[in-house]
2 protein chains.
Amino acid sequence: MKTAPASARADEPRWLTDEEQRVWRSYIDASTLLEDHLDRQLQRDAGMPHIYYGLLVQLAESPQRRLRMTELAMSAKITRSRLSHAVARLEKNGWVRREDCPSDKRGQFAVLTDDGYEVLRRHAPGHVDAVRQAVFDRLSPEQQKSLGEIMRIIAEGLQPSEAGADLPWLR
Amino acid sequence: MKTAPASARADEPRWLTDEEQRVWRSYIDASTLLEDHLDRQLQRDAGMPHIYYGLLVQLAESPQRRLRMTELAMSAKITRSRLSHAVARLEKNGWVRREDCPSDKRGQFAVLTDDGYEVLRRHAPGHVDAVRQAVFDRLSPEQQKSLGEIMRIIAEGLQPSEAGADLPWLR
DNA sequence: GGGTAGAAGTTGAGAGTTCAAGCAAGCCGG
DNA sequence: CCGGCTTGCTTGAACTCTCAACTTCTACCC
């Protein structure tokens, strides 16, 4: 029953070596624990999950404290749908407000409100502490640098579209 | 109103430096994209999210292809509640079965069924490919080693309980 | 101008996660 | 052997996320 290979994969799958498996398991464990830890910390202190907090931060850093929905979704690396739901919730909290885009009637801005800014101001120190304690305080400067490089590489590889991706004929 | 400091934090919050912020942002971006990518890959190919797949793998690697609920939850770094829901779903798929523990009537084993094993066997190659393409193929051997060490450190720091944690009087 | 493909954003249903509460069984001091 | 503490696991409700429509508007083409 092997006359016609069912998939395009060449032959034997390239399994992970034992060492690769250990690395991968460490990654899964750490990222699961870390996400959980930060979600809990922010949910408890600021009343929202980590990703929502990240949205407020992005807005706070943007000119006029506002961003088009699609831009915000891209910079947070989430789908527009997910963002739509998230902004709806943040709007209910009074931390974000929607505004129509004058130049494109389909467009919406998500705007950080004063209340939203205030929440951020109040809870940023606690969150920074949590990140420090979980990550930076435990790593040497070399490890921090290394982590940055590694994660940048991985993110680049997965980015749905990045500089030049709209020019596919250049490879 | 500052006679009694409300928290244990000394005074000024220690903000992240610009470089630390870049590292952290890279981490958030990469881990968000990667989780998403693997969830989608496994949902599409195997019909379950990444974490469920991980549960099946843990069971497959365990003696008798079975594990007590609490042990499985700990090794997957999730809460018992979450595991309970997850196993309920996997049971509906026929990939896992529950069995009573004879020595402790409160206890339950989660047992990987033959169907569950088969699903794993069929989809492991595709998943390994996805992990390779997203991570290992992009990193040098030194970076892989480094990633393993860094993630091990972070996981250690967040582990709710680890070797010696049941001896708190030793610090 | 009218047709149409694509982009921006939303929606609803179903699946997954969290949190607090709950039940049953084991553990133990008296 | 009984009362209370703890452990193992489950449950339901509220919340979040995904996926596939769907609406509205823009851009392009002729």
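Below, chains carry the letters A, B, ... as their sequence lines are ordered, and counting in each starts from 1.
The side chain to side chain donor-acceptor pair (under 3.5 Å) search around B/Asp36 returns B/Arg40, not counting sequence neighbours. Under the side chain to side chain donor-acceptor pair (under 3.5 Å) criterion, A/Asp104 pairs with A/Arg106, not counting sequence neighbours. Listed by chain and residue number, B/Glu91 satisfy the side chain to side chain donor-acceptor pair (under 3.5 Å) test with B/Arg98 (two or more places apart in sequence, or in another chain). Listed by chain and number, the residues in a side chain to side chain contact (heavy atoms under 4.5 Å, CB included) with B/Ile28 are A/His50, B/Trp24, B/Thr32 (sequence neighbours excluded). With sequence neighbours excluded, the residues forming a side chain to side chain donor-acceptor pair (under 3.5 Å) with B/Arg132 are A/Glu20, listed by chain and number.
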- Nucleotide by nucleotide, nucleotides 2-7 of chain D touches protein heavy atoms under 4.0 Å in the pattern (B base, S sugar-phosphate only, - none) -----B

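Each end of the helix from C/dG1-D/dC30 to C/dG30-D/dC1 gets its own rotation axis from five pairs of C1' atoms, and the angle between them is 20° to the nearest 10 degrees.
Although no hydrogens or angles enter the test, the distance criterion places a donor-acceptor pair under 3.5 Å between the side chain of A/Gln58 and the main chain of A/Ser75. Panel note: side chain A/Thr113, backbone A/Arg97; no donor-acceptor pair is recorded below 3.5 Å.
With the nearest nucleotide of DNA chain C identified for both B/Met48 and A/Asp104, A/Asp104 has the one nearer the 5' end.
Between the CG atom of B/Leu90 and the P atom of D/dT10 there is a distance of 13 Å, rounded to whole Å. Between A/Asp100 atom CG and D/dT24 atom P the separation is 14 Å, expressed in whole Å. To the nearest angstrom, C1' of D/dT23 lies 13 Å from CD of A/Gln108.
Using a 4.0 Å heavy-atom distance criterion, A/Arg98 is classed as a sugar-phosphate-only contact.
Rounded to the nearest 0.5 angstrom, A/Gln159 CD and B/Leu33 CG are separated by 5.5 Å. To the nearest 0.5 Å, the span separating CG on A/Leu147 from CZ on A/Arg152 amounts to 9.0 Å.
The side chain of A/Arg89 contributes no N or O atom lying less than 4.0 Å from OP1 or OP2 of D/dC15.
At least one side-chain heavy atom of B/Leu38 sits under 4.5 Å from a side-chain heavy atom of B/His127. The shortest side-chain heavy-atom distance between B/Tyr27 and A/Leu34 falls under the 4.5 Å cut-off.
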- Full working for side chain to side chain donor-acceptor pair (under 3.5 Å) between A/Thr17 and A/Glu19: CA-CA 5 Å; A/Thr17 66; A/Glu19 183 48 26; over 6 Å; no

- Message: Quick one, A/Ser31 with B/Ser31, criterion side chain to side chain donor-acceptor pair (under 3.5 Å). Give me CA distance, side-chain angles, the key distance, then yes/no.
- Response: CA-CA 7 Å; A/Ser31 61; B/Ser31 61; over 6 Å; no

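Taking a heavy-atom distance under 4.0 Å as the criterion, the stretch of DNA chain C touched by chain A extends 5' to 3' from C/dG6 to C/dC19.
Taking a 4.5 Å side-chain heavy-atom cut-off between Ile, Leu, Val, Met, Phe, Trp and Tyr, the cluster of A/Tyr52 extends to A/Leu42, A/Met48, A/Ile51, A/Tyr53, A/Leu55, A/Leu56, A/Val57, A/Leu59, A/Leu67, A/Met69, A/Leu72, A/Ile78, A/Leu83, A/Val87, A/Leu90, A/Trp95, A/Val96, A/Leu112, A/Tyr117, A/Val119, A/Leu120. Taking Ile, Leu, Val, Met, Phe, Trp and Tyr as members and joining any whose side-chain heavy atoms lie under 4.5 Å apart, directly or through other members, the hydrophobic cluster of B/Phe109 also contains B/Val111.
Checking B/Asp45 against B/Gln41 by side-chain atom types alone, a donor-acceptor pair falls below 3.5 Å.
Non-hydrogen atoms lying under 4.0 Å from DNA chain C are contributed by A/Arg68, A/Met69, all within residues 54-69 of chain A.
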Report all interatomic pairs (protein N or O, nucleotide N or O of nucleotides 17-22 of chain D) with separations under 3.5 Å.
unit_1	atom_1	unit_2	atom_2	d
D/dC17	OP1	A/Arg82	NE	3.4
D/dC17	OP1	A/Arg82	NH2	2.8
D/dC17	OP2	A/Tyr52	OH	3.1
D/dT18	OP1	B/Asp36	OD1	3.4
D/dT18	O4	A/His85	NE2	3.0
D/dC19	OP2	B/Arg40	NH1	2.6
D/dC19	N4	A/Ser81	OG	2.5

